[in-house]
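Side chains are part of it too, since the values below use all heavy atoms of this structure and drop only hydrogens, waters and symmetry mates. All values derive from a computational prediction rather than experimental measurement.
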Number of protein chains: 4
Amino acid sequence: MQLGLIGLGKMGFNMRERLRAGGHQVVGYDPRPEVTDVPSLAALAEALPSPRTVWVMVPSGAVTRSTIADLAEVLDPGDLVIDGGNSRYTEDAPHAKMLGDKGISFIDAGVSGGVWGLTEGYGLMIGGGDEDVARAMPIFDTLRPAGEKADGFVHAGPVGAGHFTKMVHNGVEYALMTAYAEGYEMLAAEDLVRDPQAVYQAWTNGTVVRSWLQQLLAKALKEDPGLENLTGYTEDSGEGRWTVEEAIRLRVPVPGIAASLFARFLSRQEDSPTMKAVAALRNQFGGHAVQRISESG
Amino acid sequence: MQLGLIGLGKMGFNMRERLRAGGHQVVGYDPRPEVTDVPSLAALAEALPSPRTVWVMVPSGAVTRSTIADLAEVLDPGDLVIDGGNSRYTEDAPHAKMLGDKGISFIDAGVSGGVWGLTEGYGLMIGGGDEDVARAMPIFDTLRPAGEKADGFVHAGPVGAGHFTKMVHNGVEYALMTAYAEGYEMLAAEDLVRDPQAVYQAWTNGTVVRSWLQQLLAKALKEDPGLENLTGYTEDSGEGRWTVEEAIRLRVPVPGIAASLFARFLSRQEDSPTMKAVAALRNQFGGHAVQRISESG
Amino acid sequence: MQLGLIGLGKMGFNMRERLRAGGHQVVGYDPRPEVTDVPSLAALAEALPSPRTVWVMVPSGAVTRSTIADLAEVLDPGDLVIDGGNSRYTEDAPHAKMLGDKGISFIDAGVSGGVWGLTEGYGLMIGGGDEDVARAMPIFDTLRPAGEKADGFVHAGPVGAGHFTKMVHNGVEYALMTAYAEGYEMLAAEDLVRDPQAVYQAWTNGTVVRSWLQQLLAKALKEDPGLENLTGYTEDSGEGRWTVEEAIRLRVPVPGIAASLFARFLSRQEDSPTMKAVAALRNQFGGHAVQRISESG
Amino acid sequence: MQLGLIGLGKMGFNMRERLRAGGHQVVGYDPRPEVTDVPSLAALAEALPSPRTVWVMVPSGAVTRSTIADLAEVLDPGDLVIDGGNSRYTEDAPHAKMLGDKGISFIDAGVSGGVWGLTEGYGLMIGGGDEDVARAMPIFDTLRPAGEKADGFVHAGPVGAGHFTKMVHNGVEYALMTAYAEGYEMLAAEDLVRDPQAVYQAWTNGTVVRSWLQQLLAKALKEDPGLENLTGYTEDSGEGRWTVEEAIRLRVPVPGIAASLFARFLSRQEDSPTMKAVAALRNQFGGHAVQRISESG
């Protein structure tokens, strides 16, 4: 089918490739002339037959909001907009309302797979109405991995359910990464273990802990044993924060995910104010030695 | 090759199957007459040609200790004992010493895979001397999964390294399970999400969080949507506790693994003394309502 | 001075007592005829000389919002409203704006001390403009504990700073309570320790851990050794949740406070969905025994 | 009464002062000639009338073990040894046995109060037999704070109960310090709050969170606003690690105490191997930017 695709960055660019390889006609738009197919959103709208389907794949937050607002201007009643970015699910209902006021339908799509999706397919988590989802199904069927449909695609519920599900996916992902990373640190700390990389490699088959992330850590350790070329400084992209916030709203205890999130915050601090206060306290009551700035290495 | 195998429980029984299917001659011993091949350890020793290789697959702790002590009596210099159970790695050096004093070699083997190992193979993490490991390699090669050797087998280091690595494997496993379980609870708590099972099914292909454990949770949810037929009461088998204890020894922060362990402790309490104390405190300073025993459901 | 006081519940009633004992003329309003001094907010406004000072001490959220909206109608330019309830600090700026549009000033006051404040005084954390705070100072000076002013009163910053500070106070309080409660559970679990109550009593003087909360736990344990008359079911009043949410906004790692919050969530669940999922997983891969509903006590 | 006191460091030196001020005759021994009263343990034994009471106040572990072994040589049946150091409680039974074999009694004493104990008294947690404890009571009565005996002294149980109780005390202390420190970090991170020190000062009277540690943090912040003269590098002295280990043995969930312990471990790492592994993983699957060593500040 024909599809407009807005945003040709790391994810969108690859998705255009995969969709075209799957026989779809994709009109891509991106502000960067070297990758775009059309010069403007208006041109994108013109290039597509009615009713149009337009996939938005731009940074979440302000850029997604303004893109959807712009689309509301250039599209027509009966068209369909799919937000495939990492928007917080609470943004979906307002977007559906804004577009719905003009007769335009809205679907939210959580997309997982990273740079590997081009070849392996993207895990898809969809929120929206049944008819809208059915209409976009040819696109979903090409983007999702080969194999059983239910193994890589879910119509999770009404508008919002796709991004909520993707948010939880990423929260779980945070905790999985921390789990593997804690195991790595223990293996690296114990002299008996000759080579943590070999252990992670050996876990890729037959073990209970085997997984795709686990394979990636084996691969990363092969490329850089000791991980000496990088620091622990780690950004968080939003979903981890949102997951803990939503868990609080839902009164769901998430100690594993929260620990992962806090570890990322900590990784970005030069020194921890919390631990400075603990050090100050120990000094007060015990006369314990503290490390003064002038002494630290 | 020929192998003595002591302990024909859930794991040992299947291993005998897999080894025999792989062309090895296995003499199994178990106190239960309906499964054993020989009536005693002495008979097992007699049935094997020298130098013997004997795999111990019995419950960790007292049973493993007494089995190895008994083997020290019936085996001869030049023989080899492999402890494939879930022993704490700190037991390995004493076992190696006790056997070594009689000229008997010792290998510790961490074995992962559960009931699925029979058909898929067992992930193996080995500790011991190079010559001893080489000698037992035909056994390892049959037990491990098909495919690249390095993907399901690691000679992790000297005696102790196998069980240490397996212990960390299980600590990581605890945290992975908690990660998926927290995600499940969030999906189940949010009305937008129609069916958490469908989401877990859809994560099995293409997503960043896909894994063997993740597939198992999808399977469990398919068999019992809502998990209504079981309680959250969860045992811990030792490795999780040991992992946190060793992390403390090594000064490695493991908030994710520790959270998983504490959640298991809590799952086995009828009511939490910690939270009773918190409730008592709130009542003291705030006159906050507390739930008295007579009121609780 | 003269003060209007809206809300004569557990906190407000005691505050009226303390203020009157301190020589102030308090006109209290409450919908319950048996405690109110005037029949309506309008009557309260009439009963006070201009410029008026009115303290709002009602449940946070909807009730506080509607009370302040009602006050905006019956008060006059130059009057001052103090919100002394446990409002989220993000509500303060909108309230200040709503009142400010009519020339009415606004102060947010965090009040700590619970039922003990009547006799011991209330710890006060104030947000607002310097002139407004100066104007209400006679009230603050009576409510705060005797002794050094700086030890029980702080003008923390502009509007919002009072409630933000009180929120952090309560977040810290959550973690302190958990700390003492974890210690109690350990003492109660260890056979060597004859009487945890005696230990908590002995910690009230000379130790590093002594505190007011610690004394209260000793008192609670004296009244109910073993805490057998209450359950661990524990509400959270909002501030704990808000503290973790604000910590996420500020990228501050708060593992201690978050653990306390999650423990409260868990205390209110009949069974943990997270742990049911963990139990289901263990059953899948290991054939581990699980507790089915029919077996549990 | 007469007392031998071994170890005149930060704690022992002050205790000798307090005991002498209380009318006791103290013979102190320390390897440092400038503080010792006698040149050797043998001389200390000679200087005391039978039956002797000797208080050991030396570093826990090897030094305490060798000191007690030496005392077993120079003391006589009927004498009494008190270990007032921070020994792990599991050391007490062996010490009691070693001394008991020679007819010498043993008491373990947990002592809290730090450098402030000299003037304020020391919180005492005692393990031992009733007769032995009664015999040393004049010493305990001088060391403990003035006021109600039960508020600063507890005979917690048989040998081991004193050090176990002190260990839990210190575990609780870790969590309390973290609680206050997390609150400090939040106050310092929020622009609305003008001066976190003033807040901590204002919490010292009337609030629910007031405590001795809380006062100390207010004092530390007054001396060094912003805590700019020290780093977060924080040692742990053993009790925190032991508390978590014992909690695991007792199957008591202690997320608050464990979080405090792990935060200390982390404070001593130049970079977190766990977070390096997380960063490596993100780079693998998402092409996310990582901070390479060459880029970090």
Using a cut-off of under 4.5 Å on heavy-atom pairs, state which of D/Gly113, D/Ala181, D/Gly183 scores highest against chain A.
D/Ala181
From CA spacing to verdict: side-chain hydrogen bond (donor to acceptor under 3.5 Å, both in side chains), D/Gln269, A/Glu185
CA-CA 12 Å; D/Gln269 297 184 334; A/Glu185 181 166 346; 2.6 Å; yes
For [X], is it the side chain, the backbone, both, or neither that has a heavy atom closer than 4.5 Å to a heavy atom of chain D?
X	value
A/Ala188	neither
A/Leu221	neither
A/Glu223	side chain

Exercise: identify the closest heavy-atom pair between D/Thr234 and A/Ala279:
OG1-CB, 3.9 Å
Non-hydrogen atoms of A/Leu216 and D/Leu281 that approach each other most closely:
CB-CD2, 3.8 Å
Please step through side-chain contact (heavy atoms from CB on, under 4.5 Å) for the pair A/Met177 and D/Met275, ending with a clear verdict.
CA-CA 9 Å; A/Met177 290 164 77; D/Met275 291 314 295; over 6 Å; no
Is there a donor-acceptor pair closer than 3.5 Å between any side-chain N or O of D/Trp116 and the backbone N or O of A/Gln284?
yes
When you measure from the side chain of D/Lys276 to the backbone of A/Leu227, do you find a donor-acceptor pair of N or O atoms at a distance under 3.5 Å?
yes
Could you check which of A/Gly114, A/Ala189, A/Ala277 has the highest count of heavy-atom pairs closer than 4.5 Å to chain D?
A/Ala277
From [X] atom [atom1] to [Y] atom [atom2], the distance as rounded to the nearest 0.5 Å:
X	Y	atom1	atom2	result
A/Glu270	D/Thr231	CD	OG1	12.5 Å
A/Leu230	D/Asp271	CG	CG	8.0 Å
A/Arg264	D/Ser272	CZ	OG	12.0 Å

Would you sort out whether A/Tyr184 and D/Thr274 count as a side-chain contact (heavy atoms from CB on, under 4.5 Å), showing the intermediate values?
CA-CA 7 Å; A/Tyr184 162 72; D/Thr274 289; over 6 Å; no
